[in-house]
Every structure is written in C-alpha cells, then in structure tokens.
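Notes follow the structure.
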Amino acid sequence: MTSSIDPTPTDDDILDDAALDDDFESAAGETPVLPETTAALIAAIRWDDAGTSAEQVGLTGAELIAAFVKRLPNGPGVYRMFGKDEEVLYVGKARSLKKRVTSYTRLGGHTNRIARMIAKTRHMEFVTTRTETEALLLEANLIKRLRPRFNVLMRDDKSFPYIVVSGDHAAPAIMKHRGARSRKGQYFGPFASAGAVGRTINALQRAFLLRTCTDSVYESRTRPCLLHQIKRCSAPCTGEISIDDYAGLVGEASGFLSGKSSQIKQGMSRAMQEASDDLDFERAAIYRDRLAALSAIQSHQGINPQNTEEADVFAIHQEGGLTCIQVFFFRTGQNWGNRAYFPRADSSLEPQEVLGAFLSQFYDDKPAPRLILLPIEIEDQGLLGEALTIKSERRVRILVPARGEKKDLVDHAAANAREALGRQLAETSSQGRLLKGLAETFGLPHPPRRIEIYDNSHIMGTAAVGAMVVAGPQGFVKNQYRKFNIKGTDITPGDDFGMMREVMTRRFSRLKKEHAEGPQAAVDPDAGEVDAGADAADMPAWPDLVLVDGGKGQISAVRAILEDLGIADKVTTIGIAKGVDRDAGRERFIVEGRDSFSLPPRDPVLYFVQRLRDEAHRFAIGTHRAKRKKELVRNPLDEIAGIGTARKRALLHHFGTAKQVSRAALGDLLKVDGISEGVAKLVYDHFHERG
C-alpha cells in the first residue's frame, strides 16, 4: 500500500508528526527549521498506516518486499523498511519507487549488509513525492529523526555556535548564540566550536570594547564594572562613552566580522598614527592594543583564503573500518574553524556513498553556504545542489576543484581528516584493550559495552546530589550522564548509604520500567562485534557493569536495592574502596563471591578504573557546587508570586538589598516607583507572618 501526499493532511496525521518531533528533538533542544515543501511532506505522512494486506501476513524478507512492489508507482518517493518490534532498519529515496524496491527482491548479488537488511525486513511503508528533490529532503530528515541501523548516520549532531550582535537595544551586546535565531540582531557564523567563538569574542572585546553583559545587568549598573577597568568594555551603561560613539564601535566590529578586516585595520592604523603625530600617546596606545587584538584573531584562524569568501570544505578518509569526515568553515574570507565527524557507516561502503549520505543529513537543519567543496564526486551531486538551493532560496554550488586555491583547501582538509582518524583509531584501540583487560580482571563474560559509575557529593548533608557517569567502547558518553537531587526526607544528613540507596532505587526502578526486557535484549547476535566508534544511541540501555565509589557498606546497599527490584542477577556491581591512607593506587575492589583485592600499582586496568572513578567524582563535585551556588545566590524576592524582573529591580534599587526589603514597612514599600498597594501588601505579607 502506498501512503500518498495529501495537500490537506488530517488531524491525526499532524498529531502523529508532532509526537515524532517530541521524540526526536535535536541535541541542542531546537526543532530543525524545514523548508515549506519538506515540512508539508512530513506533516502529510500517515505514520500509523500499517499498509498490511492479507497476502502480506506472515511474509518476511524478499517475499514481503515483492508483495509490496505490486502496488508501488513509478514516481519518486521515500521508503522505510521495518524489522522486528517496528525497528526502523533503513530509509531510502528513489526516482522510481517501483524500480528501486524491486531491486531488493533479487535472490542474489547483494552485499552482506543489504542481504542482512532484506532478511530482517518485516514491514515497509512508503511516501510518494512530487519530485526527486523533495524525496531527498524528506529522506535526510527521516534518517536524522529515526536513526535506522543500516543507514549511514551522522554523529555529534549538535547545532553550531554563532556570534550575535544584538539589534534590540540602544547599546548592542556581543555574545555567543546557539539555537533558533529568535532575537533581533546580526548573526555571524557558523563557528566550528564554542571555544572558537569564545576566543573570538574575547579578542573582539579588546579590539572594539563591546559589552557582553545581559540587558538586565546593563540596566542595573550604577558604576563601571571590572571589564571596563581592564579595558575590555567601553561602559556605555554608565555613560563612559556616548551611545553614538559606541554605535561606531559596533559598526567596526560588524564590519570586521563581515569580512572588512583590512579596511578596519587600516583605519585603526591611521588613527594610531594621527594620535602619535598629535603626541597623544595614550590614545595611540589604545589603538595599538586594538590592532594587536585583531591580529590575534587572525593568527588563530590559520589558513585564510584570498579568493574564497564563503564555503564549506569537506574531506573524507577511511581506515580500519572507520570513517572520518572533516569540514572547514570559511565565511567572509576568514577561517572560522573545523570539526571532525565519525559517521556510523558499514565498512563495505565506498567513500562517495558515505560522503553523499552524510551531506544530506548535515544540511538538513543547517544553512548551506554558497559554495561546497568536495574531494570526490558523489552520487546525486546535482540533485543535492538543487535541494540546497531550494532550501536556502539562493544558488548553492557543489564543486570538486582540480587546481588552485580551492584544491589547496580540500587537500588541507584531507590532511586533517587523516590525522583525526589516526587519533581516533589509536584511542578506540586503546579503549578496546582496556575494556578487555577489565573483563579479564573482574571475571566479566565479555568486555563491557556500558559502564555506569556512581558517586555522591554534599557538605554535611546539604545540597546533596548523586551522580552517574557513563563510559563504553567510545570513552565517556557525556550526554548520558545523570544527576540526582537527593529528595528523601528520611535520610539523615551525611548518610552516604541512604543517598546511594535513593540514587540506585530511582535509577533502576525507571530502567526496569522502561526496558523490562533486561540487558540481554540489547545484544543483537547478528550485529557482530561492538563498534568501537559507536555513538551513544547504539549503546545498550542496561549497564554491563556498575562501579560504586565506596566500600562494603555502599556496595551492600546497592546490592540490597537490586535484589529488592529483582534484578541483582542482571547487573554486575563492583565497589571501589579507598586504600590504606586513602592513597591512589592502593584501592581495594569489592566483587561478589571474592575476597576484596588490590591491583598492582602499575596495572593499566587500575589506571583505567581510577580514571572512571575520578570522572564520577569530578561530575558529582561540579554538580554539587552548582547546586550550592544556586542556593546561596537565591533571592528571597524570587519566591514571591507576582514579583517579576522589573518590580524586583525597582525594590532593590530603592532599598539596596533583599534584606532591607524584608524589613521595610508597608508605607515604605508604597513609596517605590511601580509598586502598587496590592503588590506592596503582597511583599509585606510574604516577610511578615500573621498569627
């Protein structure tokens, strides 16, 4: 059965799509902005259309696919292949759905990957589109949402950071921005990393003296802050510079970020010379320092092309069963950083196949530049360029340069891809050996794919938190870290055993509820060895090993909880007790069924376990400090319903501190601008309990 595009989708269709959006939000917490045509396609998919007919009941693999082929049109569209338990195996597009899907019905001639995919297929669903371009856009979006096992999958799909110069304030601020562009202003980017943005903003502060504070802080200043004292801000908040002169600095900064760096530097150089000729050496020194700051920005950028204003440069390198794709961002003739990706792809796929699949996902929710440079021709290169042109509403060219500056840029990216993949291979190889050694040391049936490490942190029982960090074949998986605010009212302050019991109860009760099948169900016997470069989405939900920072008391509390939940036989738990004099290297390990023991001081497994334990400790301490800091700076006025930012600011300006507000009489509160009689009574009653 074919699910067609209906220009007027039903309410059920829209609701189903909204639910899918909730399940597959991006890592940055933002919903991708889609072109109108693609959004309409997705909204019109009948996600609940089973498409099952009598002849398909009980069929699997090639037989089931052949049954579907009878009803498919020759037009373009997208198909999805489902396995057991409605697992999405593959999402593909086709110029002719009938011809493409028919190719899966052949009994031979497939790669091992395709043959496994066909054999696992239990169901298929289809969406017809008007053009192949629409099919390409829809395919990329569905792959990113559904993450099918047999597709090439882009990893580390975080949104890129930008620099924004705000446009909704008389004195614009410069700041880092990530996410939807909801605020009015000028956006410059993308930058490859938050670190690159931070370095650039720091240098721009020294060069242009722009403020980085929030609007609320700006409005509340009565004297210049420390940034003005160290010559990082011109302090428009207190009138140290006029708004018109500050606007000139904003214009210079925007010009520099827009690619007019040479003109800006030449203007500063002339101003410095004029100040020197006038014997105004103090002003000349200011311009000298600003020029040095601009030079620092460009020195960090490395290679800067002369004739390539705006481009993304890609390179790909494959080795050892892994793939690295390196991308460099060039905007306004400046290098704004690079990032390495390690997509999940079958080792049998050719580089052009991997790169083509990666690019369509990469630009699914990102604006494309005017020029994309590639090292090799990819399948559907012209189609991808057409799709990106439609999305961007401007022409996007995809080129494979053969000579000149653009070829040099691609070669430079290729060298970086080789180096990045070499580092990744070394790290994953080392991680694999350590996991194997860990399994041998502690008697595990196989190298652990998911390790969870737990620790608590508090000061005399206050601001108590529990922390869980996760590690696997790819190292630490930070997006699966979890913190637990200790909520139990029956726990004595400082009771580490009680805190650990609460953490374990909450963690494994929820895990048991959401994944009742247990840890063994996470292993697919047909999937082969665990991918050392696997991303977090590929990790099993259940841990193979639980490490607890503590001795016999903590580990006994943990095991008691697991026994109460009926899962003690499903999870291996090991305690890490401090050694003699609490020295690192003398730790003792508590393993069920064995006497506690230590490892030789130079054992690599010991260092590995220490690193896992220390990461849990670092995360627990950091979480505790953040919670304690939040509690320390909490303003009593925040607890009063109906007191917003403006009224709180008015009260603090009038009385100086929240403590003075709490002591104020009702008549004094009425004297504050913007505070009505009702609000004054609300504040007064909050601080003065009535008998």
### Task
Could you tell me the separation between the CD atom of Glu386 and the CG atom of Leu136, rounded to the nearest 0.5 Å?
9.5 Å
### Message
I'd like to know whether Arg232 forms a side chain to side chain donor-acceptor pair (under 3.5 Å) with Asn202, so could you lay out the CA-CA distance, the side-chain angles of the two residues, the decisive distance to 0.1 Å, and finally the verdict.
### Response
CA-CA 8 Å; Arg232 297 274 293 275; Asn202 286 339; 3.3 Å; yes
### Task
Decide whether Gln326 and His412 meet the rule of one side-chain donor and one side-chain acceptor closer than 3.5 Å.
no
### Query
If you draw a 6.0 Å radius around CG in Asp673, do more than 12 non-hydrogen atoms from other residues or ligands fall strictly inside?
no
### Message
Within the 4.5 Å heavy-atom criterion, are Cys233 and Phe208 side-chain neighbours or not?
### Response
no
### Query
Does the side chain of Leu249 come within less than 4.5 Å of Leu210's, by heavy atoms?
yes
### Query
Looking only at heavy atoms, what is the nearest atom pair of Ala340 and Ala420, with distance?
CB-CB, 4.0 Å
### Task
Identify whether NZ of Lys or CZ of Arg in Lys366 sits under 6.0 Å from the centre of the six-membered ring of Phe362 and within 45° of that ring's axis.
yes
### Query
Between Pro375 and Phe314, what is the shortest heavy-atom contact and its length?
CD-O, 3.2 Å
### Atom CD of Gln229: over 12 foreign heavy atoms under 6.0 Å
yes
### Message
With rounding to the nearest 0.5 angstrom, report the CG to CD1 distance, Leu388 to Ile398.
### Response
5.5 Å
### Query
Should the pair Arg507 and Phe484 be classed as cation-pi, given the thresholds of under 6.0 Å to the six-membered ring centre and 45° from the axis?
no
### Query
When the ring planes of Phe191 and Trp336 are compared, do they come out parallel, tilted or perpendicular, using 30° and 60° as the limits?
parallel
### Query
Counting heavy atoms not belonging to Arg395, are there more than 12 under 6.0 Å from its CZ?
no
### Message
Testing the 3.5 Å rule here: is there a donor-acceptor pair between the side chains of Glu139 and Ser360?
### Response
no
#### Entry: Any donor-acceptor N or O pair under 3.5 Å, side chains Glu615, Tyr481
yes
### Query
Does the side chain of Leu322 reach to within under 4.5 Å of the side chain of Gln424, using non-hydrogen atoms?
yes
### Validation row, ring centre Phe329 to ring centre Phe160 under 6.0 Å
yes
